Chemist: 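Structure below; questions to follow.
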Amino acid sequence: MTVDVRTTRDYESRTGKTVPVQAKPKQTKSQEISNMLLHEELSRARIRDLITEHEAQRPWRQARAARRWSRLADWAKSRAERHAPPD
């Protein structure tokens with residue numbers, strides 16, 4: 001037994017009947033929206049992680065800034081005393 005591969009054109013040309021073409025099902029945008037929402041959620045999670053890391057370093061940064069400003073204030077005070085006009 002042999003099987004002939006027939007396309008729609010072959011069938012229509014031999015039988016004279018036209019085969020109604022089925023429309024493609026409409027692609028729902030829910031797939032695209034869910035993918036987009038997934039990317040947004042991942043980026044929000046990354047931002048939250050960065051914020052928590054930054055908050056954890058805040059006391060260290062504040063202490064460092066306090067030391068830096070203290071040194072700068074001491075330097076400015078000594079410079080002002082050196083360049084003060086004589087009494």
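Computed from a predicted structure; not experimentally measured.
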Chemist: Could you measure the distance from the NE2 atom of His54 to the OG1 atom of Thr52? Nearest 0.5 Å is fine.
Modeler: 11.0 Å
Chemist: Side-chain atoms of residues 65-82: list all donor-acceptor pairs with protein atoms under 3.5 Å, sequence neighbours left out, distances to 0.1 Å.
Modeler:
residue: Ser78; atom: OG; partner: Asp74; partner atom: O; Å: 3.4
residue: Ser78; atom: OG; partner: Trp75; partner atom: O; Å: 2.9

Chemist: Just list the side-chain donor-acceptor pairs under 3.5 Å for residues 41-50, sequence neighbours left out, or say none.
Modeler:
residue: Glu41; atom: OE2; partner: Arg48; partner atom: NH2; Å: 3.4
residue: Ser43; atom: OG; partner: His39; partner atom: O; Å: 3.4
residue: Ser43; atom: OG; partner: Glu40; partner atom: O; Å: 2.7

